[in-house]
Amino acid sequence: MSERHTDTAEPLAGGRMDSVEDPATEAFVAHRNLLFTVAYEMLGSAADAEDVLQETWLRWAGVDLETVRDQRAYLVRITTRQALKRLRTLGRRRESYVGPWLPEPLLTAPDVAEDVELADSVSTAMLLVLETLTPTERAVFVLREVFDLDYDEIAEAVGKSQAAVRQIAHRARSHVAARRPRETVSPAETRDALQAFQQAVETGDLQRLLDILAPDVVFLADGGGLKQAALAPLVGADQVAHVLSRITPGASLEPAQVNGHPALIVRIDADIDTVITVRIDDGLITGLYAVRNPEKLSHMERETTVSR
């Protein structure tokens, strides 16, 4: 949920420039995918990340480039500061969000999965873990662990001393390690689990569904008050399987690459109705995440480039 801007920065922030006109524009366009990824990992929202990029451009356009030693670091700093401001605002909005809040899914290119660290960092499961950090902890973790920025650069970006940033990084790393998936799951394993899940749902085979779900599986559905969805997490294979068995008979399930991982798109009459991603531990589905809020599905119509 974000306010959309209509100023002259939109073509830049949206990546729709037909030509490069000056050094400031050239630098911004060169680093745009990186800046979008930084903002998205901090916010979990592509719409808000685009807004942050517009704010970043407005500030960057007024900078005297002669005073900038490292353009990439400077742009990341501006983006981080703008994302932090927006993250604090979004935190207040999410308190009144209807039902569970899930990150906005992105249709990503298959090659994103080849960068295991990048794919892990933008996965739904990881973005939900990052939601449990404070805004500053999230910024420090993302900049250090995902983008490997030096502590002095991070300190500049978040307005803290290097010593404080090191402590925050240690705290955030420990927090994330205790909550992230226990093992790295290959794309092939995820595809196999999703294929079994898809077949069980399509055939209505309840036992087959129970076989792929962990006993303590958690199902989160984000309708945002705009689409029907459970208003609280569903826990347990029996309860989750019962809900999934009621998926609209006329729906089609289509494999896709979402946030760097295999996923399923549920279509009704060719329109995207739901995007389902999963978390897998020890070969079983331990987390099912279904985004139904139509305001969060616009980035499923075309591939979004994420980059480190």
(message) Tell me which pairs pass side-chain hydrogen bond (donor to acceptor under 3.5 Å, both in side chains) where either residue lies in residues 215-235, with sequence neighbours left out.
(response) Y97-D222, D222-K296, K227-D273
(request) May I ask you to list the residues sharing a hydrophobic cluster with L284, side-chain cutoff 4.5 Å, ordered by chain and number? (result) none
(message) Taking side chain to side chain donor-acceptor pair (under 3.5 Å) as the definition, give me every residue that meets it alongside H299, ordered by chain and number, with sequence neighbours left out.
(response) E104
(message) Could you report the tightest heavy-atom contact between V218 and P233, atom names first, then the distance?
(response) CG1-CB, 4.2 Å
(request) Report yes if the side chains of D51 and R86 come closer than 4.5 Å at any heavy-atom pair, otherwise no. (result) yes
(request) May I ask you to test the L90-D48 pair for a side-chain heavy-atom distance under 4.5 Å? (result) yes
(request) Using the test side chain to side chain donor-acceptor pair (under 3.5 Å), find all partners of D282 that sit at least two apart in sequence or belong to another chain. (result) R182
(request) Would you mind listing every side-chain hydrogen bond (donor to acceptor under 3.5 Å, both in side chains) that reaches into residues 110-124, with sequence neighbours excluded? (result) E41-S121, D115-R308, E117-R308, D120-R180, T124-T277
(request) Check the side chains of D64 and T67 for a donor-acceptor pair under 3.5 angstrom, ignoring hydrogens and angles. (result) no
(message) Return the CZ to CG distance between F36 and L43, rounded to the nearest 0.5 Å.
(response) 9.5 Å
Donor-acceptor pairs under 3.5 angstrom involving side-chain atoms of residues 153-169: please list them, not counting sequence neighbours.
from	atom 1	to	atom 2	distance (Å)
E153	OE1	D150	N	3.1
S161	OG	A164	N	3.1

(request) Could you list the residues that satisfy side chain to side chain donor-acceptor pair (under 3.5 Å) with T274, not counting sequence neighbours? (result) R292
(request) Kindly give the heavy-atom pair with the smallest separation between L149 and R72, and that separation in Å. (result) CD1-NH1, 4.2 Å
(request) Output the rest of the hydrophobic cluster of V116: all Ile, Leu, Val, Met, Phe, Trp and Tyr residues reachable through side-chain heavy-atom contacts under 4.5 Å, sorted by chain and number. (result) none
(message) Is there a side-chain contact between T108 and V122 in this structure, where contact means two heavy atoms from C-beta onward sitting under 4.5 Å apart?
(response) no
(request) Just grab all the side-chain hydrogen bond (donor to acceptor under 3.5 Å, both in side chains) pairs involving residues 193-205, residues at least two apart or on different chains. (result) Q198-E202, Q199-R208
(request) Work out which heavy atom in A46 is nearest to a heavy atom in L106; give both atom names and the distance. (result) CB-CD2, 3.6 Å
(request) Determine which pairs satisfy salt bridge (Lys or Arg N to Asp or Glu O under 4.0 Å) with at least one residue from residues 121-134, sequence neighbours left out, and list them in order. (result) R94-E131, E131-R138
(message) Once rounded to the nearest 0.5 Å, what's the spacing between atom CG of L130 and atom CG of L127?
(response) 6.0 Å
(request) Locate the shortest heavy-atom distance separating L209 from F197; write the atom from each residue and the value. (result) CD1-CD1, 3.6 Å
(request) Indicate yes or no: at least one non-hydrogen side-chain atom of E189 is less than 4.5 angstrom from one of D192. (result) no
(message) R59: which residues meet the side chain to side chain donor-acceptor pair (under 3.5 Å) condition with it, sequence neighbours left out?
(response) E55
(request) Taking all heavy atoms of R179 and all of T132, pick out the closest pair and write down the distance. (result) CD-OG1, 4.0 Å
(message) We want to know whether Q82 and T79 form a side-chain donor-acceptor pair, criterion being a heavy-atom distance below 3.5 angstrom.
(response) no
(request) Please report the shortest heavy-atom distance between W57 and A24, naming the atom on each side. (result) CZ3-O, 3.9 Å
(message) Contact between V217 and T286 at the side-chain level, heavy atoms closer than 4.5 Å - yes or no?
(response) no
(request) Is it possible for you to say whether V176 and L128 belong to one hydrophobic cluster, with membership spreading through side-chain heavy-atom contacts below 4.5 Å? (result) no
(request) Answer yes or no: is there a side-chain heavy-atom contact under 4.5 Å between V240 and D238? (result) no
(message) To the nearest 0.5 Å, what is the distance between CG on L35 and CG on L75?
(response) 5.5 Å
(message) Does R173 qualify as a cation-pi partner of F141, given the criterion of NZ or CZ under 6.0 Å from the six-membered ring centre and within 45 degrees of its axis?
(response) no
(message) For D269, I'd like to know if atom CG has over 12 heavy atoms of other residues, nucleotides or ligands within 6.0 Å.
(response) no
(message) Nearest 0.5 angstrom please: R171 CZ to H175 NE2, how far?
(response) 10.5 Å
(request) Measure the spacing between CD1 of I272 and CD1 of I265 and express it to the nearest 0.5 Å. (result) 5.0 Å
(message) Given 3.5 Å as the limit, does a donor-acceptor pair link the side chain of E145 with the main chain of V142, or not?
(response) no
(request) Report yes or no: do S307 and T37 form a side-chain donor-acceptor pair below 3.5 Å? (result) no
(message) Going by ring-ring contact (aromatic ring centres under 6.0 Å, His included), name the residues that satisfy it together with Y74, two or more places apart in sequence or in a different chain.
(response) W60
